[in-house]
Amino acid sequence: MSQTQVRVRFAPSPTGYLHVGGARTALFNWLFARNQQGVFVLRIEDTDQERSTEASVGAILRGLSWLGLDWDEGPGKDGPWGPYFQSERRPLYRETLAQLRAAGHVYRCFCTDADLQRREQTARDAGRGWDGYDGHCRDLTAAQVAAYETDGRPAAWRLRTPADGVTFWYDIVVGKREFQNAVLTDRVLMKADGFPTYNFAAVVDDHAMGITHVLRGDDHVSNTPLQLLIYAALGWPPPKFGHMPMILGPDRKRLSKRHGAVAVEEFQAQGIVPQAMVNYLALLGWSIGAGGDEVLSVDALIKRFSLKKVNSSPAAFDYDKLEHINSQHLKRMGPAERRTLALPLLAERGWVYDPAWMVPGAADQAGYVDRLLALLGGRFSSLRLLPEQLGFFFVEDFPRDEAAWQEHVATATNRAHLAALGAALAQGLPAAEPAVAAAYEAVVRDLAAGLGVPAGDLIHPARVALSGQVRSAGIFEVMEALGGPRVIARLQRAAGA
RNA sequence: GUCCCCUUCGUCUAGUGGUCAGGACACCGCCCUUUCACGGCGGCGACACGGGUUCGAACCCCGUAGGGGACGCCA
């Protein structure tokens with residue numbers, strides 16, 4: 001009862017789309033919050049005036065929403081700790097900076113970009129290293145400062161970093177991490193344009209928003225000692241830190257566009273369903289432990305998630321495994337869920353059910369689609385294949401596997417068989433009512449017996465003639481779902497074409 | 001160049017001193033199916049290397065190699 005509530009945050013900068021790395025970070029924060037009955041905060045870090053865009057904010061929000069990562073506080077969900085855009089929190093950064101000034105922890109730096117570059121060059125030419133800043137303005141006299149101010153030179157504020165000692169923390173993921181203060185330079189906290197830098201704003205906001213755990217990418221490790229120093233200068237207790245391993249491409253280089261899809265919205269466009277994306281991302285750098293199915297619902301993930309099981313080594317993104325997880329989710333879906341996914345894809349193409357097809361039991365589009373999806377069974381494993389799997393049930397100009405057509409349809413014998421089958425069905429099926437699979441099967445087998453050929457000699461040509469493909473669901477079920485009139489017409493057309 | 005981290009099958013991983021080093025993806029084979037998937041069964045395949053410590057090391061220590069990350073008035 002006395003323990004404080006977990007508050008975590010995802011803090012993207014709106015400079016692009018939501019990529020898988022960000023999505024994974026967001027997901028781990030979200031899973032931890034939901035597992036701990038904590039609060040998940042979304043904070044937009046738009047302190048870079050040049051690069052931040054509103055379009056990017058939209059893309060990030062859309063990506064998170066698609067994944068189902070709902071935030072308790074953030075854009076569109078004001079809470080007591082808002083606003084949640086850093087650009088709207090500037091007074092707070094100024095006040096906090098004033099505290100630091102009063103305590104002598106920061107100093108004004110009048111160096112321009114050009115100054116710094118010139119001194120870096122000089123240092124390097126002389127064989128001395130350059131670690132980012134040389135402390136040029138650290139000990140300016142009051143007179144020098146006054147002179148610069150009179151000139152109206154813009155100034156940034158830098159943190160006065162201790163020259164010795166160590167800064168360390170116990171990282172949730174890797175354990176103790178330690179940096180020599182000597183390798184840390186006096187970093188800018190407040191830019192000359194009056195905006196805070198990332199490290200300063202993050203500390204101020206994490207503290208102000210009561211964040212208890214900072215879970216972020218491993219690329220932030222080297223920011224942590226600096227942030228810890230800021231907490232110390234302010235006299236604030238730091239949160240706990242956990243750094244998630246990076247996500248690499250299949251070649252173990254940092255995952256990038258050249259490896260394939262990286263934006264969450266691209267995966268959506270490729271037919272990945274959100275629960276599969278979430279499932280796969282959760283498996284990257286985290287595992288549920290020994291045994292147990294890796295295919296997990298979001299609820300199961302929430303229940304099982306633990307920071308203790310987060311890995312410390314970078315993981316390569318495996319598109320094949322994502323596809324597999326996706327197909328598993330698809331296959332395990334109930335009829336209603338399947339229909340919800342399929343209907344829009346059909347509507348897009350104008351594929352609608354027609355009662356004249358005489359399909360038993362199909363009353364309308366939804367009913368027909370349900371029947372087709374059930375027929376697909378385990379073949380319902382990719383949204384991308386769906387149009388191809390369903391097209392021939394709706395239109396006559398369905399795609400046709402030419403090689404298969406040549407082999408199974410376009411020979412004299414096969415054409416003769418198809419013609420005979422068409423005729424047999426026209427005669428053998430009840431004319432006025434929908435026929436079921438068994439009725440088609442009976443006709444096919446009788447005809448094969450009469451002709452003295454194996455049933456397969458009729459089945460294979462029929463499959464290609466009806467669907468254009470060499471693979472499909474059971475042929476008699478396909479016939480049933482196509483309806484007598486269309487089956488007969490297609491067979492006859494194939495026989496004559 | 002400086003600093004930090006990581007290292008179990010090709011990939012994701014289980015494993016915390018005694019295991020035939022387990023599972024999943026991918027790949028291969030068989031079964032099921034007069035098709036194709038699904039499914040079932042089986043196979044291939046790893047403790048980066050070298051030293052220690054220990055009766056015993058994937059697990060502990062040191063070193064080497066490889067990989068990743070960070071070195072901005074970007075976040």
Side-chain angles (χ1 to χ4, degrees), chain A residues 11-16 45-48 50-52 86 109 111-113 116 124 127 129-133 154-158 171 173-175 177-180 182-185 187-202 216-225 243 245-246 248 250 252-254 280 283-295 309 311-325 327-328 331 376-381 385 389 404 408 448 454-460 462-464 467 469-475 478:
Chain A
S13 66
T15 55
E45 308 220 319
D46 56 348
T47 55
D48 186 332
E50 326 267 85
R51 300 198 302 156
S52 300
Q86 288 188 325
C109 175
C111 299
T112 62
D113 259 357
L116 292 168
R124 290 193 188 282
W130 177 263
D131 57 7
Y133 184 61
W157 289 88
R158 287 185 186 270
D171 197 279
V173 176
V174 279
R177 294 255 198 178
E178 175 177 272
F179 285 81
Q180 299 292 324
V183 307
L184 271 21
T185 56
R187 302 291 292 275
V188 168
L189 265 34
M190 191 68 85
K191 303 182 238 179
D193 68 1
F195 277 80
T197 58
Y198 159 72
N199 281 297
F200 185 49
R216 57 187 7 171
D218 190 66
D219 49 340
H220 284 290
V221 166
S222 59
N223 289 318
T224 308
H243 291 91
M246 300 275 83
L248 310 177
R252 304 209 70 80
K253 300 290 179 198
R254 189 172 202 162
Y280 178 68
L283 256 22
L284 261 193
W286 172 84
S287 90
I288 60 165
D293 195 348
E294 284 187 332
V295 180
K309 301 292 287 179
N311 262 311
S312 55
S313 53
F317 195 92
D318 185 346
Y319 290 90
D320 283 341
K321 186 138 186 183
L322 204 213
E323 282 296 341
H324 172 257
I325 297 281
S327 69
Q328 289 297 322
K331 262 183 302 218
L376 243 30
R379 293 176 199 78
F380 185 75
S381 64
L385 291 178
Q389 289 172 320
H408 294 290
D457 285 9
L458 297 179
I459 288 171
H460 296 305
R463 184 192 310 286
V464 178
S467 73
Q469 305 296 318
V470 283
R471 32 171 200 256
S472 75
I475 189 64
V478 168

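Chain A is the first sequence line, chain B the second, and so forth, proteins listed ahead of strands; every chain is numbered from 1.
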Taking all atoms of both residues into account, what is the closest heavy-atom pair of A/A448 and A/L458, and its distance?
N-CD1, 3.7 Å
Under a 3.5 Å limit for both distances, which nucleotide forms a Watson-Crick or G-U wobble pair with B/rA65, could you say?
B/rU7
Electrostatic pair A/D218-A/R177, nearest N-O below 4.0 angstrom:
yes
Would you mind pulling out the nucleotide paired to B/rU16, Watson-Crick or G-U wobble, both distances under 3.5 Å?
none
Does B/rC71 have OP1 or OP2 sitting under 4.0 Å from an N or O in the side chain of A/N223?
no
How far does the P atom of B/rG40 sit from the matching atom of B/rA26, given to the nearest Å?
13 Å
Could I get the full list of side chain to side chain donor-acceptor pair (under 3.5 Å) partners for A/S381, not counting sequence neighbours?
none
In whole angstrom, give the distance that lies between atom CG of A/D131 and atom P of B/rC71.
13 Å
What distance, rounded to whole Å, do you find between the two C1' atoms, one in B/rG67 and one in B/rG29?
35 Å
Counting primed atoms, P, OP1 and OP2 as sugar-phosphate and everything else as base, the B/S/- map of nucleotides 63-68 of chain B against protein heavy atoms under 4.0 Å is ----SS
Is there a side-chain contact between A/V470 and A/V464, using heavy atoms and a 4.5 Å cut-off?
yes
Partners meeting side chain to side chain donor-acceptor pair (under 3.5 Å) with A/S313 (sequence neighbours left out)
none
Donor-acceptor contact below 3.5 Å, side chain A/T197 vs main chain A/L189:
yes
Please confirm whether the shortest side-chain N or O distance from A/K309 to OP1 or OP2 of B/rG15 is below 4.0 Å.
yes
Of the listed nucleotides B/rA75, B/rU13, B/rC25, the one nearest the side chain of A/A315:
B/rU13
For a quick check of understanding: with a heavy-atom distance under 4.0 Å over all strands, which category does A/R177 fall into, base, sugar-phosphate or nothing?
sugar-phosphate
Once you measure the plane-to-plane angle for A/H460 and A/H408, does it fall in the parallel (<30°), tilted (30-60°) or perpendicular (>60°) bin?
tilted
Under 4.0 Å protein heavy-atom contact, by nucleotide of nucleotides 36-50 of chain B - B base, S sugar-phosphate only:
BBSS-----------
Sugar-phosphate only, base, or nothing, as touched by A/A192 at under 4.0 Å among non-hydrogen atoms
base
So A/T47, base contact, sugar-phosphate only, or nothing? Heavy-atom distance under 4.0 Å.
sugar-phosphate
Which part of the nucleic acid, if any, lies within contact of A/H243, taking any heavy atom under 4.0 Å across all strands shown: a base, the sugar-phosphate backbone alone, or nothing?
nothing
Applying a 4.0 Å non-hydrogen cut-off, can you work out what A/G285 is touching in the nucleic acid: base, sugar-phosphate, or nothing?
sugar-phosphate
Measure the distance from CG on A/N311 to C1' on B/rU8 and round it to the nearest whole Å.
11 Å
Counting any heavy atom closer than 4.0 Å, what does A/A156 reach on the DNA or RNA strands: base, sugar-phosphate only, or nothing?
base
Paired with B/rA75 by Watson-Crick or G-U wobble geometry, both distances under 3.5 Å: which nucleotide is it?
none
Selection from B/rG23, B/rA75, B/rC4 that lies nearest to any side-chain heavy atom of A/H220
B/rA75
Check the phosphate of B/rG72 against A/K191, side-chain N and O only, distance under 4.0 Å to OP1 or OP2. Yes or no?
no
Determine the interatomic distance between P on B/rC6 and the same-named atom on B/rG10; round to the nearest Å.
22 Å
Watson-Crick or G-U wobble partner of B/rC60, both distances under 3.5 Å
B/rG52
Remember a base hit wins even if backbone is also touched, and classify A/L283 as base, sugar-phosphate or nothing at under 4.0 Å, heavy atoms.
sugar-phosphate
Would you check if the side chain of A/D131 reaches a backbone N or O of A/T185 as a donor-acceptor pair within less than 3.5 Å?
no
Rounded to the nearest Å, what distance is computed from the OH atom of residue A/Y198 to the C1' atom of nucleotide B/rA70?
12 Å
Going by the rule side chain to side chain donor-acceptor pair (under 3.5 Å), which residues pair with A/Q469 if we only count those two or more places apart in sequence or in a different chain?
none
Checking N1-N3 plus N6-O4 or O6-N4 for Watson-Crick, or N1-O2 and O6-N3 for wobble, each under 3.5 Å, the partner of B/rC36 is none
For B/rC44, give its Watson-Crick or G-U wobble partner with both distances under 3.5 Å, or none.
none
Nearest-Å distance for atom pair CD/P, residues A/E294 and B/rU11
16 Å
In chain order, what residues pass the side chain to side chain donor-acceptor pair (under 3.5 Å) check against A/R379, with sequence neighbours excluded?
none
When rounded to the nearest Å, what value does the distance between P atoms of B/rG15 and B/rG22 take?
14 Å
